[in-house]
Each structure stands twice: as structure tokens, then as C-alpha cells.
Amino acid sequence: MTAELHPEAATLLERSHRLGADPRNTNYAGGNTSAKGTDTDPVTGRDVELMWVKGSGGDLGTLAPAGLAALRLDRLRALTGVYPGVEREDEMVAAFDYCLHGKGGAAPSIDTAMHGLVDAAHVDHLHPDSGIALACAADGEALTKECFGNQVVWVPWRRPGFQLGLDIAAIKEANPQAIGCVLGGHGVTAWGDTSEECEANSLRIIRTAEAFLATRGKADPFGAVVHTTLPEAERRARAAALAPVIRGLASTDRPQVGHYTDSDTVLDFVSRAEHPRLAALGTSCPDHFLRTKVRPLVLDLPPDAPLDEAIDRLRVLHAAYRTDYAAYYDRHATPDSPAMRGADPAIVLIPGVGMFSYGKDKQTARVAGEFYVNAINVMRGAEAVSSYTPIEESVKFRIEYWALEEAKLQRMPRPKPLATRIALVTGAGSGIGKAIAHRLVAEGACVVVADLNADSATAVATELGGPDKAIAITADVTREDDIKAAFTEAVLAFGGVDLLVNNAGISVSKPLLETTAEDWDLQHDIMARGSFLASREAARVFIAQNMGGDIVYIASKNAVFAGPNNIAYSATKADQAHQVRLLAAELGGHGIRVNGVNPDGVVQGSGIFAGGWGARRAAVYGVPEEKLGEFYAQRTLLKREVLPSHVANAVFALTGGDLSHTTGLHIPVDAGVAGAFLR
């Protein structure tokens with residue numbers, strides 16, 4: 001890359017952002033754009049022709065300068081002289097590295113040849129639903145001519161690569177009147193002498209195709225409605241009941257995060273007579289099936305089937321899906337093929353309810369669902385004017401298990417310790433709970449921030465990165481309905497729950513004779529009752545998922561240490577501590593581990609201490625409230641103050657994988673209080 005952003009590259013970014021901002025133009029991370037221009041070679045001082053093109057990965061809508069690859073056109077075009085032919089075209093991707101200009105920038109993508117070999121200053125390659133609908137229609141070539149005349153040319157299916165670039169360059173040269181082409185089974189490419197002309201041509205192709213499908217197509221391409229969509233409340237309740245079961249099935253080979261979609265597009269598709277046939281045909285555009293797998297799993301029961309019957313049927317269908325996927329792999333794999341990456345579905349369709357999609361993290365799961373919505377739109381368009389005819393299964397396999405795709409996967413960073421884990425933390429709006437939420441997200445988990453204070457919960461979820469990382473839920477842990485609602489929101493947001501942290505707490509520091517029954521009940525309701533309710537609901541989800549799970553109680557040093565003027569708080573913490581032992585014994589058979597953390601003297605950032613507890617404990621010990629943290633530190637063996645982050649460290653230690661065979665344990669995080677030693 002040149003030191004400063006070239007004006008042509010800056011214009012390219014602006015065009016890319018406009019095109020990528022509209023999902024009608026291209027899917028997330030799909031397509032690529034380029035611009036050619038002249039710059040000064042810093043070595044020779046002479047002009048050099050360059051091409052800036054979106055590199056491998058990234059998204060047009062958010063493309064940054066670092067996402068562009070800059071290549072010398074003379075070297076790129078000279079590759080045609082050493083091209084070894086279509087059977088060895090993958091070798092050309094490595095050759096692109098020898099055409100790069102300057103330092104930095106993105107790795108050139110497989111589509112680089114398309115942009116460099118086409119004789120146009122600006123090129124857009126996009127994956128619009130309308131364009132792919134024509135590209136995947138049985139008579140796509142004839143429909144393309146009917147739709148565009150001779151201004152847009154049909155290019156027969158060819159796998160992305162150097163030869164496709166040569167094909168498009170030849171078609172552009174042979175059709176000087178053309179503004180672009182439809183790539184069979186794939187997408188569209190447009191070009192122009194200026195960035196403005198190229199963008200206008202791209203939009204003209206997309207909008208013309210949209211209008212053609214709307215006016216030329218039949219009204220109900222998916223057939224008659226055969227399944228009634230459940231009302232919203234009933235639909236979400238059904239989805240929440242099914243979500244943990246489906247996630248467990250979809251995680252048979254490796255744990256997955258889930259995403260639930262009940263958009264009108266999805267609900268209409270699964271309500272129609274033709275959806276089983278079309279779903280079985282699979283998706284077509286490479287960007288689609290690389291994320292959605294070759295086809296989805298479809299529940300073949302009506303929405304009003306009994307829940308137990310639906311669950312049993314899903315298990316049967318899942319077993320059949322795995323068998324079919326393994327057979328698909330065996331049919332097409334060669335000795336050089338990468339190992340099968342897993343036989344579980346990435347997309348599960350439930351009539352009357354919606355769609356569940358899965359991936360290695362929330363964003364991947366969400367994007368997989370978005371791609372299947374794209375696929376539904378493609379099917380609708382193709383069926384409206386013709387019949388949906390995706391590329392052949394053997395071709396899909398060659399792309400899904402492409403050596404270049406495998407190399408890209410191998411370059412991905414190693415997953416963080418809590419990747420794919422979904423945590424629900426109570427009392428996470430401040431103090432210890434907030435620190436725990438931050439640590440869990442930093443280690444790769446998705447987190448449900450549950451708190452009585454809606455504003456605090458929302459602020460923490462925003463800090464953590466928003467809905468692909470964390471969601472906020474307002475919950476009173478003493479209320480059964482609130483707890484059930486919190487877990488419902490969690491499983492609808494992320495597919496399930498793997499880790500519960502019982503952290504919500506309150507304290508009233510009083511001598512026995514001044515402690516009221518209300519003081520006693522309040523603390524027991526929040527911590528003892530609240531932990532019981534949350535743990536019971538978590539266990540239900542864990543057992544439905546059949547993936548094990550973790551429950552961590554944030555108890556206290558006071559659970560085992562007898563201090564003055566603290567009867568209600570200490571007694572309820574002792575209740576929590578024994579819940580750990582009881583549940584560890586009961587739930588171990590399900591692979592569920594239950595452990596506790598016993599902090600002490602966590603003053604900084606503590607909601608409890610800020611709410612009056614600190615002042616009362618300071619009075620008990622005869623120290624100024626602002627010195628309470630120092631006081632607690634000096635009475636410990638290590639003479640160190642305990643912070644919320646130290647408690648979060650203990651939660652991670654219990655759940656990060658190194659203590660996989662530990663349950664029923666309480667970890668002291670008190671800097672050493674001899675009277676609280678466990679024995």
C-alpha cells in the first residue's frame with residue numbers, strides 16, 4: 001500500500017460503503033470492488049499503474065483502507081503468460097503476492113483476476129438476491145437476455161478463480177456495449193470508466209433484475225400456505241423451548257452459538273407447500289453455502305404438534321442429516337480433500353416458528369441466518385420466473401472443501417478459552433458482576449447481563465460490544481417469572497446457556513436484636529431463593545442441551561466465618577455455599593459442574609458497599625468508610641485489597657477449561673483470612 005491513500009482508493013472505499021450498506025446489493029462480507037489508477041513508484045520515480053481491490057475477507061459496507069490490496073497491473077496481467085490452465089488455477093492465488101505494491105494491506109482474494117484482467121478502470125462484483133435469482137434459474141441465460149437485452153451478458157457457471165477472470169475479460173472485449181454480466185449460479189459483475197459509472201451500472205443491473213422478477217414473476221412461487229404461523233407470543237415460547245435441544249444437536253461435533261430468526265421472509269417460506277423441496281436443493285452462491293452448509297435441516301411436523309413429539313422428531317431428523325452429510329462427503333471426497341469438518345446442520349427450519357442458525361460465535365451464527373434469508377429470496381425470484389436450479393452438488397463440494405478455503409480456515413486465530421460459551425450473570429450491572437461479565441467476554445463468551453437496574457445492565461452490555469457479544473435483561477431474581485423470562489431471552493439471543501453466575505446480592509449489617517424479619521427475608525429472597533431459582537432454570541436448559549454446563553455461586557468468606565452484627569447476610573451466604581454442594585452432587589450425572597467463590601472485602605466498585613453496607617461495616621470496625629478497603633487488606637495474610645477483577649479471575653479459573661474435573665469447590669478470594677480457611 002502507498003503511504004497515503006490514493007484518491008482512486010478513497011473513491012473506491014466510498015463506493016464500496018454505499019453499495020455494501022444496502023442488503024439488496026450484496027450480502028455481508030460478499031462481493032468485491034476495485035479501482036485502477038496511476039501512482040508514482042517510490043523506487044524508480046516513474047508512474048506505475050496500480051489496482052486497489054477489496055482483499056480476502058472483510059465487508060464492503062465497513063471496508064477500511066487496510067482491507068484493500070494494492071497490486072501492480074503490469075505484473076498482474078503478465079500472469080496470463082505463465083497461467084498453467086484451469087486444472088492448476090489455484091496456484092495463481094499465491095502468484096498474486098508477487099504483484100503486490102508496497103507494504104501492508106489485505107491478502108488478495110480469489111477474485112483478484114476478475115478485477116485485474118477486465119479492461120475497465122472500475123469493477124464491481126456483487127451478490128444481489130435479484131441477480132442470483134436469474135443466475136440460478138433453469139433458463140437463466142434466456143431470462144438474462146429477456147431482462148437486459150445485450151447490455152448484460154450471460155457467463156456460464158465457473159468456479160471463482162483465474163479462469164473466470166479470463167472468461168469475463170473475453171466477454172467484456174467481445175461485447176463493448178455491455179455494462180456487466182450475470183455469472184451463472186453465482187452473482188453479477190459490472191464495470192465502468194469512472195467510479196460513478198461503475199456504481200450506476202451495478203445498481204442498474206440490480207434494480208432492473210428486481211423489477212423484472214416483480215413484474216414477470218408469478219405471485220406465489222412457493223405454493224399454497226400449508227402451515228399456519230404461530231402467534232408471536234406462542235411462537236417465541238415454542239422457539240425458547242426448542243432452542244436448547246436444537247443447539248445441543250447442532251453441537252454434536254463441536255459447540256456452536258445459535259441465532260433465532262422469525263422474520264416475515266422466513267415465516268412465509270416455511271409456511272408454504274414448496275419449502276421442503278426447495279430446501280432440499282440447497283443454496284447456490286458460494287458465499288451462501290459456505291456459511292449455511294449444503295442444505296438445512298427441516299422439521300416435517302406442523303406447528304401445533306406436541307412439543308415432545310417435535311423434539312423426538314428433531315432427534316431422528318438430526319441423525320439422518322448426519323448420515324446424509326457423511327454420505328455427501330464420501331461421494332465427492334478425494335484423497336487430497338480436507339477432513340470432514342462436521343456433519344451437523346448450520347440451519348434448522350421449523351414451520352410456524354422460524355429458523356435457527358449456528359456458528360462458532362454469535363456473529364457467524366447471525367450471518368449464516370442472514371445468508372439463508374438471501375437464499376430464500378433467490379429461490380423466490382428463480383421460482384417466480386422459472387425453476388430454481390442451483391449448481392450441482394459435486395461442484396458445491398469442491399468449493400466447500402476447496403484447498404484454498406481450508407487454508408483460509410487454518411489461518412483463523414486460535415479460539416479463546418470460552419469461545420462458544422454462553423453465560424448469564426445475575427447482578428451484572430455493577431461491581432463484581434460487571435467485572436465477571438467483562439472477563440467472560442474478554443475470554444470469548446457471549447454474556448447475558450441480568451440486573452434489577454435496566455440502565456446499568458444496558459450500559460454494561462453496550463460496553464461489552466453490543467448484541468453479538470452481550471445483551472441486557474432486567475430481572476428481579478426473587479421472581480420466578482423474571483428468571484424464566486431471562487433464560488427465555490438468553491436462549492433466543494444465543495441459542496442456549498452454558499454458564500450461570502449467581503452473583504446478585506444485597507446486605508444489611510445489623511446486630512441480631514436489630515435485625516428485622518424483613519431484613520432476614522429480603523436477603524434470603526435475593527441470594528438464597530434467587531440462586532435457587534436461577535440454578536433450577538439453568539439446569540433445565542443445560543439438561544435439554546446435553547452439553548454439560550457450569551454454575552458458579554458468588555458466596556462469601558462469611559459463609560464459613562462467624563463475624564459480628566451480620567446474622568442475615570452470613571446465614572444466607574451459608575445457604576448459598578451449601579447449595580453448591582447439594583447441586584454438585586445432584587447434577588454431576590449430567591456433566592454439570594457447580595462451584596463457588598468466597599470473596600471478602602471487595603469495596604471498590606461494589607454496589608453493596610456503596611448502598612450503605614460499607615458505612616455500617618466501617619462503623620462496626622471503627623474505621624472511616626473511605627479506609628475500609630485498606631482495613632480489610634491489613635487484616636489479611638497477604639495484606640492486599642481484593643478487587644472485583646480478582647473475583648472475576650476466579651470465575652474464569654473455574655470455567656476456562658483447566659479445572660474441568662472440579663465440582664463442589666469453593667475458592668477463597670479474600671487475600672487470606674485464616675478464620676475462613678475451608679476444612
Side-chain angles (χ1 to χ4, degrees), residues 1 8-9 12 16 26 29-37 48-58 60 63 67-101 105-127 135 153-175 178 180-192 198 202 285-287 290 391 395 398-399 402-405 407-408:
M1 299 283 290
E8 291 289 1
L12 172 62
S16 302
T26 199
N32 28 70
T33 53
S34 67
K36 301 179 180 76
V48 58
E49 285 189 275
L50 301 178
M51 179 180 74
W52 296 268
V53 60
K54 182 196 139 188
S56 182
L60 284 178
L63 186 62
L68 295 175
L71 301 98
R72 286 183 49 149
L73 274 176
D74 57 345
R75 297 183 67 83
L76 181 62
R77 289 171 173 164
L79 291 178
T80 58
V82 296
Y83 175 48
V86 69
E87 295 302 318
R88 293 171 53 195
E89 68 173 335
D90 288 358
E91 298 173 17
M92 303 307 289
V93 174
F96 294 152
D97 290 344
Y98 295 94
C99 305
L100 292 172
H101 178 75
S109 77
I110 191 69
D111 288 321
T112 298
M114 178 193 306
H115 293 270
L117 302 181
V118 169
D119 185 19
H122 299 266
V123 178
D124 293 335
H125 169 59
L126 304 169
H127 299 150
V153 186
W154 176 264
V155 178
W157 161 261
R158 187 182 291 280
R159 190 177 65 163
F162 201 86
Q163 186 61 53
L164 179 60
L166 288 170
D167 292 351
I168 296 175
I171 284 174
K172 162 78 166 62
E173 185 176 3
N175 295 272
C181 55
V182 172
L183 284 59
H186 187 165
V188 303
T189 297
W191 46 74
C198 185
S202 292
C285 176
D287 265 27
L290 283 173
I391 57 179
V395 178
R398 284 191 66 206
I399 293 176
W402 199 352
L404 295 176
E405 184 65 25
K408 184 188 298 185

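Index from 1, following the sequence.
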Pairwise distance [atom1]([X]) to [atom2]([Y]) - rounded to 0.5 angstrom:
X	Y	atom1	atom2	value
Met114	Asp167	CE	CG	10.0 Å
His115	Trp52	NE2	CH2	15.0 Å
Leu50	Asp74	CG	CG	9.0 Å
Asp124	Thr33	CG	OG1	6.0 Å
Ile399	Leu290	CD1	CG	7.0 Å
Asp97	Leu71	CG	CG	9.0 Å

Side chain to side chain, [X] and [Y], heavy atoms closer than 4.5 Å:
X	Y	answer
Leu12	Leu68	yes
Val86	Arg158	yes
Ile168	Leu117	no
Leu73	Lys36	yes
Leu183	Leu164	yes
Val188	Cys181	no
Val53	Pro108	no

message: Would Phe162 and Thr80 count as a side chain to side chain contact (heavy atoms under 4.5 Å, CB included) here? Give the steps.
response: CA-CA 9 Å; Phe162 201 86; Thr80 58; 4.2 Å; yes
- prompt: Can you name the side chain to side chain donor-acceptor pair (under 3.5 Å) partners of Thr26, sequence neighbours left out?
  reply: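 Testing Thr26 for side chain to side chain donor-acceptor pair (under 3.5 Å), a comparison that skips the adjacent residues, returns none.
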field: Test side chain to side chain donor-acceptor pair (under 3.5 Å) applied to Trp154 - qualifying residues, sequence neighbours left out
entry: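 None.
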message: Pairing donors with acceptors under 3.5 angstrom, does anything connect the side chains of Asp119 and Trp191?
response: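 Side-chain D/A pair, Asp119 to Trp191: absent.
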- request: Give a yes-or-no answer on whether the side chains of Glu91 and Tyr83 include a donor-acceptor pair shorter than 3.5 Å.
  value: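 The criterion, which ignores hydrogens and geometry beyond distance, is not satisfied for Tyr83 and Glu91.
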How close do [X] and [Y] get, counting heavy atoms only, and between which atoms?
X	Y	result
Ile391	Gly185	CG2-CA, 4.0 Å
Ala190	Cys198	O-SG, 3.9 Å
Ala69	Ala106	CB-O, 3.4 Å

message: Please confirm whether the ring centroid of His125 lies under 6.0 Å from the ring centroid of His186.
response: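 Here the rings of His186 and His125 have centres that are less than 6.0 Å from each other.
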- prompt: Are Arg159 and Asp90 within salt-bridge range, i.e. N to O under 4.0 Å?
  reply: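 Judged by the 4.0 Å cut-off on N to carboxylate O distance, Arg159 and Asp90 do form a salt bridge.
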- request: Please test Leu126 against Leu60 for side chain to side chain contact (heavy atoms under 4.5 Å, CB included), starting from the C-alpha separation and ending with a verdict.
  value: CA-CA 10 Å; Leu126 304 169; Leu60 284 178; 3.7 Å; yes
- request: Taking atom CZ of Arg75 as the centre, report whether more than 12 heavy atoms of other residues, nucleotides or ligands fall under 6.0 Å from it.
  value: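 Result for CZ/Arg75: open.
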- prompt: Can you tell me if CD on Gln163 sees more than 12 non-hydrogen neighbours from other groups inside 6.0 Å?
  reply: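 Buried by this count: over 12 neighbours within 6.0 Å.
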field: Expected output: side-chain Lys54 to main-chain Ser34 donor-acceptor under 3.5 Å
entry: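 Such a contact is absent between Lys54 side chain and Ser34 backbone.
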query: Can any side-chain N or O of Arg72 pair as donor or acceptor with the backbone N or O of Leu100 at less than 3.5 Å?
result: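 Such a contact is absent between Arg72 side chain and Leu100 backbone.
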- prompt: Is there a side chain to side chain contact (heavy atoms under 4.5 Å, CB included) between Leu404 and Ile110 once you walk through the steps?
  reply: CA-CA 9 Å; Leu404 295 176; Ile110 191 69; 3.6 Å; yes
